[in-house]
Student: 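Just passing along the structure, written as structure tokens.
We use all heavy atoms of the structure for the numbers below, so side chains are in, but hydrogens, waters and symmetry mates are not.
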Amino acid sequence: MDSLPDAIIQYILSHLSNARDVAACNCVSKRWSESLTYLRSLYFPRNSFDSRPGSYSSDTVVWKMLSATACLEELVVYSPFTSAGLASWLSLVHSSLKDLELRMDNVMDYQACLDSPSKLDCIAAAKKLKSLKLWGVLMANPPKWDVFENLLCLEIVGARLEDPALSAALGACPNLTNLVLLGCEGVRSVSIELPYLEHCKLDFYGSGNCSLSLTCPQIELLEVQGCSWIRVRETSCLRNLSIANNAGRVYMVDFGKLSALESLSMRGVQWCWDAISKMLEWSNEVKHLYMKVEFTGDLEALLPFPEVDFVEFFNSHPKLQKFDIHGAMFAALCQKNSLKNVEPGFVIPCLEEVVVQVRSPLNAEQKMNTLESLLKYGKNLKKMVIRILQMKSSHSSTDEFFDEICRLRFMNRKIVRIE
């Protein structure tokens, strides 16, 4: 590299981001150290200062490196820092900084939340941010943020949030197009009104009884975990929707017409049947349907799904291409009356792939009839995967049922696979 012009060396080294690599290059020569000015990104890993010699604090070391840059656009800090340190860093780079990612490590530290200014409050200095990602944050009080006009992406992972604090944070980011809240606890009721939001992933940790109201006319992707009451009225652009509740129940869903929906996933231990039936009714244009709900029932009682008519179901979802059936939904399609009214000429026109999870030999005849009907009427079916999961029984019907599945696979070996 000694033979390269200064500009080429500066261009090459400006693509470094790991702080240790930058520091190592800085010690090689004066020519190399001058490239620090042109850095666009700096990343401080968790262990950046574990073996640091000398008397400088980690806050000071970061400050010294940042002070040597002229136009830093991205700063990622996973190593420990203080609110005073963060304030001093952002005072240096706030005019050029576009992407900021911080491991806050104060999720259990209420005193740090009361400090003034807090780490969250310090972020207000970076007014030109386009992306903000926070890990392990306690947001008990509303952050003292002005409006982030340029902020398009907000991600908060592993946080404890109070409803007013979250509401204030979202209110300061009116132009978001991407919102991610993962592993967040403490939230009871969430209302999101963001006119430009396109992608939203929400994962609320706890008892699973959170309520969500979403008013985002441009929303295209929505993933929700941990909510029992969900209202999303403007859905003309919604293409991908996933609703799950692993800890609680889904009691109520209220969506507008899901005319653009292509992929729908419903997961959880218990959903009210009214919520399931409404989702199936609204999503009649869906192409990929994933269902893994084990029980229905409005209160504490866990009930099986009522019978779902095979012909009516597929007639109501004519564009369905991939169908993942797990648990109670498959059993509901396998009831004795489900296949009694098959009209001449009935076909499943677009279905190409089916994944079925079988857990019990009960109603083996009806289950085999349903599997055979999928093959018979699915004229474009290319793949059927039958997953046999935890089928424990000493009764001879288990072996007979398994033999029937093996026979089905042998007769349709180009399509059927057993896992």
Student: Salt bridge check, D324 against K292: does any charged N sit closer than 4.0 Å to a carboxylate O?
Tutor: no
Student: Taking atom types as modelled, is there a side-chain donor on E101 or Y78 under 3.5 Å from an acceptor on the other?
Tutor: yes
Student: Is any side-chain heavy atom of E419 less than 4.5 Å from a side-chain heavy atom of R417?
Tutor: yes
Student: Relative to the ring of F314, is the ring of F323 parallel (under 30°), tilted (30 to 60°) or perpendicular (over 60°)?
Tutor: perpendicular
Student: Given 3.5 Å as the limit, does a donor-acceptor pair link the side chain of N412 with the main chain of I415, or not?
Tutor: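 Between the backbone of I415 and the side chain of N412 there is no qualifying donor-acceptor contact (under 3.5 Å).
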Student: Taking S283 for the side chain and V286 for the main chain, is one N or O donor matched with an acceptor at less than 3.5 Å?
Tutor: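 The answer is no, because no donor-acceptor pair under 3.5 Å joins these two groups.
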Student: Evaluate the side-chain proximity of S189 to D163: yes if any heavy-atom separation is below 4.5 Å, no if none is.
Tutor: yes
Student: Take atom CZ in R188; do more than 12 heavy atoms of anything else shown fall under 6.0 Å from it?
Tutor: no
Student: Please check if the number of heavy atoms outside K257 that lie under 6.0 Å from its NZ is greater than 12.
Tutor: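 Yes, the 6.0 Å shell around NZ holds more than 12 heavy atoms from other groups.
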Student: For the pair H94 (side chain) and A124 (backbone), establish whether a donor and an acceptor sit closer than 3.5 Å, ignoring hydrogens and angles.
Tutor: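 No, H94 side chain to A124 backbone: no donor-acceptor pair under 3.5 Å.
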Student: Can H326 and F330 be said to form a ring pair (Phe, Tyr, Trp, His ring centres under 6.0 Å), step by step?
Tutor: CA-CA 6 Å; H326 300 259; F330 179 57; 9.9 Å; no
Student: Taking atom types as modelled, is there a side-chain donor on Q270 or R249 under 3.5 Å from an acceptor on the other?
Tutor: yes
Student: Determine whether V416 and L375 make a side-chain contact, defined as any pair of heavy atoms from C-beta on separated by less than 4.5 Å.
Tutor: yes
Student: Should the heavy atoms of other residues, nucleotides or ligands under 6.0 Å from CZ of F148 be counted, would the total exceed 12?
Tutor: yes
Student: Can K119 be said to sit on top of F81's aromatic six-ring, NZ or CZ under 6.0 Å from centre and within 45° of the ring axis?
Tutor: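 Judged by the rule, K119 and F81 form a cation-pi pair.
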Student: Check whether any side-chain heavy atom of L408 lies under 4.5 Å from a side-chain heavy atom of M368, and answer yes or no.
Tutor: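 Yes - at least one pair of side-chain heavy atoms lies under 4.5 Å apart.
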Student: Assess whether atom CZ of F346 is packed by more than 12 heavy atoms of other residues, nucleotides or ligands within 6.0 Å.
Tutor: yes
Student: Indicate yes or no for a side-chain donor-acceptor contact from K367 to the backbone of S360 under 3.5 Å, with no hydrogens or angles considered.
Tutor: yes
Student: Given T82 and D59, is the side chain to side chain donor-acceptor pair (under 3.5 Å) satisfied, shown in steps?
Tutor: CA-CA 7 Å; T82 65; D59 284 351; 2.4 Å; yes
Student: Quick check: does any side chain N or O of T296 sit under 3.5 Å from a backbone N or O of W273, one acting as donor and the other as acceptor?
Tutor: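 It does hold such a pair.
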Student: Evaluate the side-chain proximity of V190 to S213: yes if any heavy-atom separation is below 4.5 Å, no if none is.
Tutor: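 They are not in contact (no side-chain heavy atoms under 4.5 Å apart), so the answer is no.
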Student: Compute whether any side-chain donor of one residue and acceptor of the other, for S265 and R267, lie under 3.5 angstrom apart.
Tutor: yes
Student: For Y38, is there any backbone N or O sitting under 3.5 Å from a side-chain donor or acceptor partner on R40?
Tutor: yes
Student: Hydrogens and angles aside, do S207 and N209 bring a side-chain donor and acceptor to less than 3.5 Å of each other?
Tutor: yes
Student: Is R233 paired with D254 through a side-chain N to carboxylate O contact shorter than 4.0 Å?
Tutor: yes
Student: Keeping the roles fixed (side chain from N175, backbone from E149), state whether a donor-acceptor pair exists under 3.5 Å.
Tutor: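 Between the backbone of E149 and the side chain of N175 there is a qualifying donor-acceptor contact (under 3.5 Å).
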Student: Side chain of S167, backbone of P164: donor and acceptor closer than 3.5 Å?
Tutor: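 Absent.
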Student: Is N363 reaching over with its side chain to a backbone N or O of Q366, donor-acceptor style, under 3.5 angstrom?
Tutor: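 Answer holds: no.
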Student: Restricting to non-hydrogen atoms, name the atom on N284 and the atom on P318 that form the minimum distance, rounded to 0.1 Å.
Tutor: O-CD, 3.6 Å
Student: Can you tell me if S228 uses its side chain to pair, donor with acceptor, with the backbone of G248 under 3.5 Å?
Tutor: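 Not confirmed, S228 side chain does not pair with G248 backbone.
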Student: Within the 4.5 Å heavy-atom criterion, are N380 and L351 side-chain neighbours or not?
Tutor: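 Of all side-chain heavy-atom pairs linking L351 with N380, none is under 4.5 Å.
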Student: Would you say CH2 of W135 has more than 12 non-hydrogen atoms from neighbouring residues, nucleotides or ligands within 6.0 angstrom?
Tutor: no
Student: Any side-chain heavy-atom pair from L92 and W63 closer than 4.5 angstrom?
Tutor: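 Yes; the side chains approach each other to less than 4.5 Å.
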Student: Does a donor on one side chain and an acceptor on the other come within less than 3.5 Å for S57 and T60?
Tutor: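 Present: a donor and an acceptor within the cut-off.
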Student: Ignoring hydrogens and geometry beyond distance, is a side-chain donor-acceptor pair present between E74 and S41 at under 3.5 Å?
Tutor: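 The answer is yes; a qualifying pair exists.
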Student: For the residue pair S79 / S58, report whether a side-chain donor-acceptor contact shorter than 3.5 Å exists.
Tutor: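 Checked: S58/S79 side chains show no N/O donor-acceptor pair below 3.5 Å.
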Student: Is there side-chain contact between M384 and L374, with heavy atoms separated by less than 4.5 Å?
Tutor: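 Yes, their side chains come closer than 4.5 Å.
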